[in-house]
**Student:** 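Let me give you the structure first, and then I'll get to my questions.
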Amino acid sequence: MNEKAIRKFKYYGKNRNAYSCHHCFLGGMTFLNYLNVSNELESSIENEMSILAVDVAGSVEGKLHAHIQLINSAKTTIESADSLMTREHFIRYVQQLLPFNKETYGMGLWLEEDVAKGRNFWALCL
């Protein structure tokens with residue numbers, strides 16, 4: 001080797017430890033930054049999923065409540081009718097009632113056999 005190459009080798013050889021420490025420091029900082037960002041992202045995702053679950057549960061609960069109110073309204077009206085409701089009256093009534101809840105597609109009514117001439121269920125789906 002010539003003298004210039006030897007000096008260059010010695011120069012880089014002396015600084016090799018400094019470069020190694022610098023690379024270790026940067027690698028360690030990168031890893032710590034990754035852990036920090038990863039934990040923040042995981043926490044953010046868990047928080048958003050929790051909020052979404054509460055929203056979905058509230059939406060489902062609201063829709064079920066609306067169905068129950070519709071059923072109770074129909075029950076009260078049918079029970080308080082002055083005369084016996086015919087199938088045609090029931091169909092007209094349900095056709096007027098169903099548009100109030102867009103998620104209710106139909107309604108059924110169970111009757112005593114002697115009232116319905118052997119048929120104990122009336123149903124209407126729109």
Side-chain angles (χ1 to χ4, degrees):
M1 274 199 199
N2 66 19
E3 193 173 315
K4 189 175 182 183
I6 292 173
R7 270 190 261 143
K8 191 175 185 182
F9 179 74
K10 285 182 182 178
Y11 176 75
Y12 286 120
K14 288 179 184 177
N15 292 328
R16 188 178 332 169
N17 290 339
Y19 288 133
S20 295
C21 288
H22 191 26
H23 288 318
C24 286
F25 175 74
L26 288 177
M29 290 300 293
T30 302
F31 181 71
L32 290 175
N33 188 35
Y34 164 77
L35 289 177
N36 186 33
V37 170
S38 176
N39 288 337
E40 285 182 22
L41 184 60
E42 185 176 329
S43 175
S44 176
I45 289 172
E46 285 177 6
N47 187 34
E48 290 295 322
M49 293 301 287
S50 177
I51 291 170
L52 181 62
V54 168
D55 287 346
V56 169
S59 175
V60 169
E61 187 175 323
K63 290 176 183 183
L64 288 174
H65 181 70
H67 286 295
I68 290 169
Q69 293 291 39
L70 194 66
I71 291 167
N72 288 337
S73 174
K75 178 181 177 271
T76 302
T77 302
I78 292 168
E79 287 177 347
S80 66
D82 292 335
S83 62
L84 188 62
M85 185 179 276
T86 65
R87 180 174 171 78
E88 289 74 28
H89 287 116
F90 174 72
I91 290 171
R92 277 196 304 259
Y93 175 69
V94 171
Q95 285 173 336
Q96 293 171 358
L97 191 62
L98 287 180
F100 291 111
N101 186 347
K102 66 181 181 178
E103 276 107 18
T104 301
Y105 300 108
M107 190 175 285
L109 178 67
W110 280 265
L111 302 170
E112 295 176 16
E113 283 191 41
D114 59 336
V115 174
K117 299 177 188 168
R119 297 175 69 193
N120 61 352
F121 179 72
W122 290 348
L124 174 68
C125 296
L126 297 177

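What you see is a predicted model, and the numbers here were worked out from it, not measured in a lab.
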**Student:** Thr77 vs Tyr93, test: side-chain contact (heavy atoms from CB on, under 4.5 Å). Steps then yes/no.
**Tutor:** CA-CA 9 Å; Thr77 302; Tyr93 175 69; 3.1 Å; yes
**Student:** If two hydrophobic side chains count as joined below 4.5 Å and joins carry through other members, does Phe100 share a cluster with Leu64?
**Tutor:**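 No; Leu64 is not reachable from Phe100 via cluster members.
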**Student:** Flag yes if more than 12 heavy atoms outside Glu61 fall under 6.0 Å of its CD atom; otherwise flag no.
**Tutor:**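 12 or below, so no.
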**Student:** Do Ile45 and Met49 have side chains that approach each other closer than 4.5 Å (heavy atoms only, starting at C-beta)?
**Tutor:**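 Sidechains of Met49 and Ile45: in contact.
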**Student:** Looking at NE2 of His67 and CG of Asn72, how far apart are the two atoms once the value is rounded to the nearest 0.5 Å?
**Tutor:**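 Answer for the NE2-CG pair, His67 versus Asn72, is 13.0 Å.
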**Student:** What distance separates Leu52 CG from Ser59 OG, expressed to the nearest 0.5 Å?
**Tutor:**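 It comes to 10.5 Å.
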**Student:** Starting at CG of Asn101, measure out to CG of Leu98 and round the result to the nearest 0.5 Å.
**Tutor:**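 It is 8.5 Å, given to the nearest 0.5 Å.
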**Student:** Go through Leu97 and Thr104 one step at a time and tell me if the side-chain contact (heavy atoms from CB on, under 4.5 Å) criterion holds.
**Tutor:** CA-CA 10 Å; Leu97 191 62; Thr104 301; over 6 Å; no
**Student:** Donor-acceptor check, side chain of Asn39 to backbone of Leu35, threshold 3.5 angstrom: yes or no?
**Tutor:**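 At least one qualifying donor-acceptor pair exists.
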**Student:** Just verifying a value: how many Å separate Glu46 CD and Leu41 CG, rounded to the nearest 0.5 Å?
**Tutor:**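 So the CD of Glu46 and the CG of Leu41 are separated by 10.0 Å.
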